[in-house]
Undergrad: 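Would you mind keeping the following structure in view while I ask a few things?
Note that the numbering runs from 1 along the sequence shown for the chain.
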Amino acid sequence: MNASFTTPEEDRIIDQAFREVLDGYLASNHRKKVEIIERAFNFAKEAHKGIRRRSGEPYILHPIAVAKIASQEIGLGSTSICAALLHDVVEDTEYTVEDIEQNFGKKIAQIVEGLTKISGGIFGDKASAQAENFRKLLLTMSEDIRVVLIKMADRLHNMRTLGSMAPNKQYKIAGETLYIYAPLAHRLGLFAIKTELENLSFKYEHPDAYRRISEQIAASEATRADVFEDFSRPIREKLDAMGLKYSAKARVKSIYSIWNKMETKHIPFSEVYDLYAARIIFDCDDPAREKSICWQIYSAITDLYRLHPDRTRDWISNPKANGYQALHLTVMGPDGNWIEVQIRSRRMDEIAEKGFAAHWKYKVGEGDEESELNVWLHTIKDILDDPEPNALDFLDTLKLNLFSSEIVVFTPKGELLTLPKDSTVLDVAFNLHTQIGSHCIAGKVNHKLVPLSQKLNSGDQVEVLTSQSQQPKPEWVDFLATAKGKTRLRQVLRKMHQPVITAGKATFEQFLRDNGIKDDNIAITKVMGLFKAANREEFYYLLGNEEIILNEYVVKILKKESSKTKRLLLKLIGMGGKSGEQQPAPEPRTPAINRKQTYVLHYDEDGSTNFRFSDCCCPLPGDDVLGFIEDDGQVTVHTLDCPRAAMLKASFGPRILSTRWEVNGGRFMAHIRIEGIDRHGILHELISLISTHLSLDIRSLDIRTEKEVFRCDLSLLVSDADGLNDLCAKVRRIQGVQSAARIR
């Protein structure tokens with residue numbers, strides 16, 4: 001932020017921006033407390049006087065924009081508008097929380113203090129620090145949900161103005177947003193904000209794909225409009241005859257959702273048939289009549305079009321945990337494609353778009369939506385009770401429940417449990433109580449005996465069977481889909497293993513002392529890599545349980561610093577990856593890295609390089625990638641959509657690099673999956689195309705056929721991502737081949 005005073009034109013822009021906040025507030029249903037809002041604006045304007053954002057604009061425009069989003073896009077009132085205007089005052093100026101309380105009262109001061117605690121992004125340089133900051137964010141939510149709603153507004157404005165940041169900062173902030181803030185917005189029912197956060201993150205991570213899909217949506221707009229007109233005309237005639245006051249519109253899927261579908265299903269844009277959904281929003285003054293009107297509209301539509309029997313979703317009788325209510329059905333449109341129709345009242349639509357803040361507008365006592373939120377907050381508190389979670393595990397565990405589809409199951413007594421999709425009998429057991437989960441041996445689903453790993457469906461009745469002789473096992477973590485279940489299992493296992501872990505730690509510390517080796521992070525990192533332990537606790541447990549031993553070879557590894565030993569260590573730790581053509585043998589160059597500039601990825605014909613390929617996503621030259629500076633100073637390359645990279649961006653933002661390829665020669669391992677209809681000679685054609693015509697080296701081939709259908713997994717050496725995409729396009733032209741796509 002640079003200091004300088006504002007010009008008269010900037011003062012006019014500032015006053016105009018604040019006037020828009022006030023006008024929007026005065027047009028809302030909230031009580032009109034203009035005086036305190038104006039005082040908060042003047043206080044913030046004076047506090048931020050002379051300070052500018054990185055883009056060059058006066059800093060006060062940021063809190064004004066946050067206040068406008070909080071008020072007009074989320075629907076919050078005067079207390080939140082004041083807190084939004086003041087949210088950076090304590091952190092960035094000489095004023096304190098006590099000053100805020102003295103001038104604006106205790107409630108506004110508490111919200112500003114909550115926002116200050118979680119400022120500067122919820123993640124720092126160190127894993128423990130970012131986990132602690134995230135705890136603060138979640139704990140303040142349970143005290144006053146407005147803290148996190150204003151934080152959402154703050155993040156949305158930062159994303160809207162991300163263009164002025166350096167590329168590596170863009171990656172960090174976009175990654176953090178996609179990993180944590182978009183799922184939080186989803187869980188809080190802020191659908192419009194969640195969608196915009198996803199699209200903006202995608203725009204900065206995959207600019208070419210974003211531009212391409214935007215152009216394709218624009219190019220297909222006229223065709224979509226004609227199809228929707230043909231589809232909606234008979235529906236509108238029926239609804240008009242029913243005397244309803246309503247609006248019917250087509251809602252195009254977000255750019256990020258379309259890209260996600262193209263990537264996961266390996267299909268082109270033209271095959272994303274559910275590109276849009278139809279939405280019918282009706283007016284109704286009596287909430288008691290909303291449900292019956294929804295089903296009347298449902299009946300009218302199914303009289304006209306063929307219903308998809310498996311894709312009706314009744315979110316009216318059982319609202320989602322974020323308060324979402326609507327009736328969804330899918331019918332066959334006039335063009336032969338399935339079209340989803342969403343039926344909502346005006347009240348439901350406002351809650352769907354603005355979440356719990358909109359619910360307050362209709363609140364009479366505590367409603368279902370708010371009680372659902374409280375259930376979710378209790379789940380978060382359960383997770384926070386875990387005393388020493390590994391930071392990345394902690395974030396991943398939370399993400400499990402932040403962004404999951406939901407199912408509803410019942411206990412034998414008829415109690416309703418809302419769980420994430422793919423939840424199991426074991427999830428239900430741990431959801432009921434830690435002791436029940438610890439001693440679970442099996443379950444009964446709809447009166448039929450099933451294993452504890454059995455996945456559940458909505459509507460199942462679940463009974464948990466236990467035995468006092470049963471003990472929890474580490475492999476149970478693979479059977480759990482809920483954050484609560486994973487957290488409680490880890491707590492029990494840690495309690496069981498703690499004596500062994502303590503003994504292992506003491507053994508390791510004694511080993512270091514006996515051999516004159518410094519007890520630091522480098523030593524523990526080396527031995528964890530040597531024995532392939534995921535974290536310190538696992539290493540100490542293996543050592544304390546005498547599953548591994550520390551010998552002279554370990555001493556040699558820890559003491560020797562020759563380049564040969566370093567290469568060996570990198571290989572053992574897994575940083576160097578698997579042997580083979582993709583991982584270059586010569587030792588990487590380690591130039592001084594300017595993190596603010598784009599890092600050029602060199603790979604020369606002699607195999608010399610200044611980076612390492614990651615094993616988790618198998619990137620190729622030409623892929624959209626980012627660089628991550630490892631503990632040893634080396635740069636590891638991940639694809640932007642790699643799940644591991646998502647965690648790194650969210651957790652270790654300052655170590656992220658924007659990158660550019662500069663590759664001269666070399667062949668790299670890639671994997672593709674080919675599926676199609678089996679016929680005589682198709683394998684010969686496939687191998688001939690790859691080996692003879694394209695001169696590519698096949699490294700492994702696994703082909704299986706079942707009832708006229710074949711699947712072939714192929715590993716081969718290619719020069720870059722474009723070459724692999726070209727190969728897939730050529731393979732798809734072979735008669736009988738239905739799909740050919742890269743797998744990681």
Side-chain angles (χ1 to χ4, degrees), residues 28-29 75 188-192 195 227-253 274 276-334 338-373 405-408 416 418 458-459:
S28 72
N29 291 345
L188 292 166
L190 303 169
F191 180 79
T195 302
V227 171
F228 181 71
E229 176 59 30
D230 292 343
F231 172 73
S232 62
R233 190 184 306 111
I235 296 175
R236 290 200 304 268
E237 290 170 0
K238 279 223 171 200
L239 299 188
D240 290 341
M242 291 164 63
L244 290 176
K245 191 177 178 185
Y246 68 94
S247 62
K249 58 187 178 183
R251 178 103 185 186
V252 180
K253 281 174 83 86
D274 60 340
Y276 71 89
R279 186 172 294 167
I280 296 168
I281 303 165
F282 62 88
D283 292 340
C284 178
D285 295 330
D286 181 7
R289 292 184 59 237
E290 289 177 343
K291 187 173 179 178
S292 63
I293 294 173
C294 283
W295 285 106
Q296 287 170 24
I297 296 171
Y298 172 93
S299 179
I301 295 170
T302 51
D303 286 345
L304 294 167
Y305 297 110
R306 183 158 65 88
L307 177 71
H308 192 302
D310 300 325
R311 286 168 65 178
T312 298
R313 298 287 181 269
D314 177 9
W315 299 115
I316 304 170
S317 305
N318 290 307
K320 290 187 180 183
N322 60 15
Y324 180 85
Q325 284 184 286
L327 182 59
H328 291 196
L329 65 153
T330 301
V331 294
M332 180 67 77
W338 295 107
I339 296 176
E340 183 183 67
V341 184
Q342 302 168 355
I343 305 169
R344 305 174 179 172
S345 69
R346 191 74 57 189
R347 179 190 67 85
M348 293 176 191
D349 184 63
E350 199 161 345
I351 289 172
E353 295 298 309
K354 291 184 177 178
F356 288 99
H359 169 67
W360 294 339
K361 176 177 169 181
Y362 301 95
K363 181 178 174 184
V364 182
E366 185 178 281
D368 288 340
E369 293 89 348
E370 191 163 303
S371 60
E372 285 283 359
L373 176 64
S405 301
E406 290 161 338
I407 61 170
V408 176
L416 184 146
T418 301
S458 249

Undergrad: Are more than 12 heavy atoms, taken from residues, nucleotides or ligands other than R289, located less than 6.0 Å from that residue's CZ atom?
TA: no

Undergrad: Using 0.5 Å steps for rounding, measure from the CG atom of D285 to the CZ atom of R346.
TA: 11.5 Å

Undergrad: Quick one: pull up CD in Q342 and CE in M348 and give me the separation to the nearest 0.5 Å.
TA: 12.5 Å

Undergrad: Of the non-hydrogen atoms in G333 and F231, which two are nearest, and what is the gap between them?
TA: CA-CD1, 4.2 Å

Undergrad: Does the side chain of D314 come within less than 4.5 Å of W295's, by heavy atoms?
TA: yes

Undergrad: So which heavy atom on Y298 is nearest to which on L327, and how close?
TA: CB-CD2, 3.8 Å

Undergrad: Kindly compute the distance separating NZ (K249) from OG (S232), expressed to the nearest 0.5 Å.
TA: 13.5 Å

Undergrad: Does the distance from a Lys or Arg side-chain N to an Asp or Glu carboxylate O, for E229 and R236, drop under 4.0 Å?
TA: yes

Undergrad: When H308 is tested against each of I339, V331, T330 for side chain to side chain contact (heavy atoms under 4.5 Å, CB included), which residue passes?
TA: T330

Undergrad: Ignoring hydrogens and geometry beyond distance, is a side-chain donor-acceptor pair present between K291 and S317 at under 3.5 Å?
TA: yes

Undergrad: Show your working on side-chain contact (heavy atoms from CB on, under 4.5 Å) between L244 and I280 and close with a plain yes or no.
TA: CA-CA 11 Å; L244 290 176; I280 296 168; over 6 Å; no

Undergrad: For the CE atom of M332 and the CG atom of L304, what is their distance to the nearest 0.5 Å?
TA: 15.0 Å

Undergrad: For a 4.5 angstrom cut-off between non-hydrogen side-chain atoms, does I316 reach I343?
TA: no

Undergrad: Looking only at heavy atoms, what is the nearest atom pair of D230 and Y305, with distance?
TA: O-OH, 3.7 Å

Undergrad: Measure the shortest side-chain to side-chain distance between M242 and L239 over non-hydrogen atoms and say whether it is less than 4.5 angstrom.
TA: yes

Undergrad: So which atom in Q325 and which in R344 form the shortest heavy-atom distance, rounded to 0.1 Å?
TA: O-CG, 4.1 Å

Undergrad: Can you name the closest pair of heavy atoms from F228 and A250 and give their distance?
TA: CZ-N, 3.5 Å

Undergrad: Classify the ring geometry of H328 against Y324: parallel below 30°, tilted from 30° to 60°, perpendicular beyond 60°.
TA: perpendicular

